[in-house]
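Naming: A, B, ... by sequence-line order, numbering from 1 per chain.
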Protein chains: 2
Amino acid sequence: MSSNRLLPSLKSLLAFRYAAQSLSFKAAAEHLYVTQAAISQQIKTLEQALGVELFERHTRQVTLTTEGAYLFDYANKAFGLLEEGVKGVAEDSNPNTLVISAVPSFSNRWLVPRLGGFRIQEPEINLRLSPNSKLSTFLDTDLGVRLGEGVYKGLQSSLLFEEFLLPVCHPSLINDKEPIKKQLAKIPVITDTGPDMEHVWPIYQRFLDMYDMPINTQLHIDDSTALVEALLSRQGISMMRFSLVYEQIEKGQLVCPLPIYMKSRYDFYLVAPAHHFKRQKVMGFKRWIENEVKSIDHSWQEYTSNNPDFKEVTV
Amino acid sequence: MSSNRLLPSLKSLLAFRYAAQSLSFKAAAEHLYVTQAAISQQIKTLEQALGVELFERHTRQVTLTTEGAYLFDYANKAFGLLEEGVKGVAEDSNPNTLVISAVPSFSNRWLVPRLGGFRIQEPEINLRLSPNSKLSTFLDTDLGVRLGEGVYKGLQSSLLFEEFLLPVCHPSLINDKEPIKKQLAKIPVITDTGPDMEHVWPIYQRFLDMYDMPINTQLHIDDSTALVEALLSRQGISMMRFSLVYEQIEKGQLVCPLPIYMKSRYDFYLVAPAHHFKRQKVMGFKRWIENEVKSIDHSWQEYTSNNPDFKEVTV
DNA sequence: TCTATGATTAAGATATACTTAACTATAAAG
DNA sequence: CTTTATAGTTAAGTATATCTTAATCATAGA
């Protein structure tokens, strides 16, 4: 069977789409930069090919027949998909602008402070950063930074680093006199809404032998910068991603009062459609960030070797 | 912005679709009834328009680049939708063949025995009946008969008749001596898997004052013809749609031993895309079946007036 | 080494789609 | 009630996109 049998003139279908959308041949014509006459003829051709009336013609306006309404549904979706696919694959029209969509916690606490370095390394790249929790369609975004398991349908992902979680508080909240577990039981807990937080607190609790007690959550802060501020101002203890507090730990501004950590179920990934990774600007950014990220791994190595009794706890 | 900016040549996209599908320009050419040269040129045009290579050319074969693979995903879905829409809306190519998809219970017990009448009324229509529980795409089906609430996304529906459920068994299982509830408690229950059966049995149970007792389900039969056979051969009692047993009740082959019935939450509907209802053959069938269905309503009127203590029970 | 296959390219042929211009019908303005 | 402006239709001619033909390339398989 000929595919000409399957599909009538594609141009006529496109004309139909716009005509049906605006219920006006004139508007469709303007949209497609042709004359009304052209649209009129295309619609006529299409109707003849289908053997069905798609529009009811009234004076100075047209309306869809039930057939027209049925077809519009499909045509609109179909051309929408084509436009999306084409836009997603077409040559990067702004090779000097790099658009990154990153989860806010990582973006604000880690990425933003370091961007100066990237601008020095790639001065001709104009970087636009949008802190965003939702995975975009990647039509206007070059690259995403996401916290997850690294599996994103239809997308390629690249692990940035392995993430660890550990309890963190201000050093002045802890002393050498009392037993540490007893002290911690009195320190308020600050929670946030992270993807694996619900798994994390029970472990902390269990480690403190607080089996039945509900977590003492006086404070819930979702913004990680604000959360770190709260920790620095001695407001409590929280389970933190190492990547977001390792600098404070290195400086002694924050401490991990228990010799425990957990492997996070979720790590940070670079995510994008496969071909975005071939773009020069994306490759440059990836090279840069992968190098920067080494400092986190390095800090982690150092921290664990300085604290030999530090050990992993699991569920 | 011009839509020419949004979409490159649609023909080239279609050529790409087939070329990517078969990973062969030659095969795509055959599919589209043109020469390889035409496909080669179309692909080249498309690649130039997008500014991106879609295929890697090897000798005597081509493979998709990552960009090509990305685009194919969209193009394939898009043209699939167009084909589906076009096929669904195009003029009926077999105006003398009527394809009906009906739920098996209604089809087998009610429709099939009556089809002779339709063939006499519309002798030139070749009818194909497919007993089917799934709603098809209506690409090859003119009309569906469905049991439901009459709301089907993107489809038009037309109520055939209101449906009632009542307990039914063979008359010899019942006598005048013992209290009826006591007798019924001993009769095995035959169940089937219907959409509102779970609501129906508790009511029956409650009516028999069997509040806590589990239903005595010795027999479960999903085929309604077999179920009626089981009832006729005295194997138990079942909740039946009036439309499927009214003839047996009228003949006295089956009885409703309790003066109760329930309005079904689900009724029978004719279902199809709106424009299918304009087809001559569909209109003819609708006219015929709506007339036939009157016998059910009529029988119901008669039954309820002959049994004045018959009453509706609800949840 | 030779042959056959699948893709590419240029040039010309053809079909498709577009513009122009004259026409219809009617809503809205005067 | 007449006039004007608007939206769509149609026919004829033109422009353009798309195809075919035919020559060419590269190489897998005989």
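- Residues B:Ser9 and B:Gln42 form a side-chain contact, since some pair of their non-hydrogen atoms from C-beta on lies under 4.5 Å apart.
- A side chain to side chain donor-acceptor pair (under 3.5 Å) with A:Thr66 holds for exactly one of B:His275, B:Gln156, B:Lys278; it is B:Lys278.
- With values rounded to the nearest 0.5 angstrom, A:Asn76 atom CG is found 10.0 Å from A:Leu81 atom CG.
- Nucleic acid contact for A:Ser24: sugar-phosphate only, since backbone atoms but no base atoms lie under 4.0 Å from a heavy atom of the residue.
- Residue-to-nucleotide contacts include no donor-acceptor pair under 3.5 Å from the side chain of B:Arg57 to the base of C:dA7.
- Within the 4.0 Å cut-off from OP1 or OP2 of D:dA7, at least one side-chain nitrogen or oxygen of A:Lys26 is found.
- A sub-4.0 Å separation between OP1 or OP2 of C:dA25 and a side-chain N or O of A:Thr59 is absent.
- Between A:Leu7 atom CG and C:dT16 atom P there is a gap of 15 Å when expressed in whole angstrom units.
- Straight-line distance from the CG atom of A:Leu23 to the P atom of D:dT6: 20 Å, rounded to whole Å.
- When the nucleotides C:dA7, C:dT19, D:dT20 are ranked by their closest atom to the side chain of A:Thr35, C:dT19 comes out on top.
- Separating the CD atom of B:Gln36 from the P atom of C:dA7 is a distance of 7 Å, rounded to the nearest angstrom.
- B:Gln41 comes within 4.0 angstrom of a base, heavy atoms only.
- Within 4.0 Å (heavy atoms only), B:Ser9 reaches sugar-phosphate atoms of the nucleic acid but no base atom.
- Looking at heavy-atom distances under 4.0 Å, A:Ser12 makes no contact with the nucleic acid at all.
- With distances taken from any side-chain atom of B:Arg60 to the nucleotides D:dA7, C:dT9, D:dA28, the minimum falls on D:dA28.
- Atom CG of A:Leu54 is separated from atom C1' of D:dT9 by 16 Å (rounded to the nearest Å).
- The side chain of B:Ala37 lies closest to D:dA22, out of C:dC18, D:dA22, D:dC19.
- Remark: B:Lys44 is in phosphate contact with C:dT9, judged by side-chain N or O atoms under 4.0 Å from OP1 or OP2.
- Of the possible polar contacts, none joining the A:Asn94 side chain to the A:Asn96 backbone as a donor-acceptor pair under 3.5 Å is found.
- In this entry the distance linking CG of B:Leu46 with P of D:dT18 reads 11 Å, nearest Å.
- Note: OH (A:Tyr33) to P (C:dC18) measures 15 Å, nearest angstrom.
- Residue A:Phe16 is tested with A:Tyr70, A:Phe55, A:Tyr74 for a ring-ring contact (aromatic ring centres under 6.0 Å, His included); the sole match is A:Phe55.
- With rounding to whole Å, A:Ile39 atom CD1 is found 7 Å from C:dC18 atom P.
- Protein atom CZ of B:Phe25 is 16 Å distant from nucleotide atom C1' of D:dC19, rounded to whole Å.
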